[in-house]
Amino acid sequence: MRRTTITPRADWQAKVEALGLVWHTAADAPYWNEAAYYSFTLAEIDEIERATVDLYAMFLEAGDYIVSRRLFDRFGIPPWCWPLIERAWRDEPPALNYGRFDLGYDGSGPPKLLEFNCDTPTSLLEAAVVQWAWKEERFAANDQFNSLHDKLVAKWRDIAPYLRGDLVHFGHIRDAAGEDAVTTAYLMDTANAAGLTSQSILMTDVGWDGRIFRDLENRPISTLYKLYPWEWLVHEPFGQHIAQDQGATVWIEPIWKMIWSNKAILAVLWDMFPRHPNLLWASCDKPASDSYVSKPWLAREGANVTVVRAGERIAERHGSYDGPLVYQGLFDLPNFDDQCPVIGSWVVDGAPAGMGVREDGLITGNLSRFAPHVIE
Amino acid sequence: MAAAAAVLNGCDQNESGSWQASTATRVCMDGAGHRVEDDRCNQSVGHGVGFYYVGAGRTVPGVGSPVSGGSATPEAGVAYTDAAHSFSVARGGFGGTGGGEGGHGGGGE
């Protein structure tokens, strides 16, 4: 695994914007960083891919364990959600079944799971499209661990026959950076490529008529992809209506993702698979060790994550999340030119689909920079 | 029929009360200008009962209430839904967490 600096393409901003990446620069520093790239050997890619397969299998087992024993209150999930989660886990309603495993990896040992983001993962456009176009232009002869776009389109094609009609709504909200609109627009493209018809909708515009959800034209919403987390939805005024529409709206991703997207699952995984090579120790109880990372169960983008080494807080990312914490072993991210990369290994339909590299300081947040990669 | 329509059309209104329709709606009224059960128009329009047409966004009167805000004549080019299948839509019940518009996005983990 290597990091190499390179001169960005002269017109890189226009090129990435043309692909849809319109928030490429944040706070005066480029979010898409093509002044450097990572190289991996095929053996390293194989190792990351194998770890992804193994981790996914462990999450399936952990899900079975949690659902069969109804351990939902350990995750802080409201009781009215429990029957919905049980039913969805059992019945497997249509879904992309996608997600991004964030892995600590430096090429010298097995990849370690930092967390699994599978409800509203982002950096999807960069990983699926932008880094591929960069590679084709700069390193046409090299390969890249990336079949994300094709797999997303294929998955929409797979589930289309199970949806009511071919109109899929894509729910999101307006965030300051415009990132959500970009990610949503990309997913709409993948659905359109599969022959579906997509319709964007702000979550604030989703209507409830007493029986079913409707869009701004009062059309019933049969399928709602959401770039909006379950843990927010279920606490909002319309949350409980989700349980009242008798399944009229299919939600993508389904509500069972609430289990996997809650960081408390890291402690369950360590309980079930202690000392697994791809896991860091994790517990909901404060450890005796004086080196660890603490994260709120439901925090996002690194908010409120604290890194403690030898009893000293060496990094802390502020935010507004509170609530119960999970504690995890500290993984020393590799340092390449003072950049610490985290591997984002994607799954679609539960299978490995490619990866992206994000680099930052010790805690990867939403201003971390995406850097492309090639396979040597 | 009217009671079923009221239940279908939202939990924030009285069972026999009026509500605001999102779509153009027609109801049944008697000769005295009061709303009656929709069934009566289905059986015998012209025998003392007739349709009353209310535009989208207007208030649909409850059964027993005097009709107003609409007309006994439908507006040309407007498709009216029977009250039983008409509905009123509330919005704004999702999307408020995270500081709302311009704040933190819903995506990103």
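- Using a distance-only test at 3.5 Å, with no hydrogens or angles considered, no donor-acceptor pair links the side chain of A/Arg214 to the main chain of B/Ser88.
- Here A/Tyr56 pairs with A/Asn97 under the side-chain hydrogen bond (donor to acceptor under 3.5 Å, both in side chains) rule; sequence neighbours left out.
- Contacts with chain A (heavy atom to heavy atom, under 4.5 Å) involve these residues of residues 20-30 of chain B, listed by number: B/Ser22, B/Thr23.
- Around CZ of B/Arg91, the count of heavy atoms belonging to other residues, nucleotides or ligands within 6.0 Å exceeds 12.
- Annotation: maximal heavy-atom pairing with chain B below 4.5 Å, among A/His172, A/Glu236, A/Met203, occurs at A/Glu236.
- Close approach to chain B, defined as a heavy atom under 4.5 Å from one of its heavy atoms, is seen in A/Leu216, A/Asn218 of residues 216-223 of chain A, taken by number.
- At a threshold of 4.5 Å between non-hydrogen side-chain atoms, the residues B/Phe94 and A/Asp205 do not count as touching.
- In this view, A/Lys226 and A/Asp119 satisfy the side-chain hydrogen bond (donor to acceptor under 3.5 Å, both in side chains) rule, not counting sequence neighbours.
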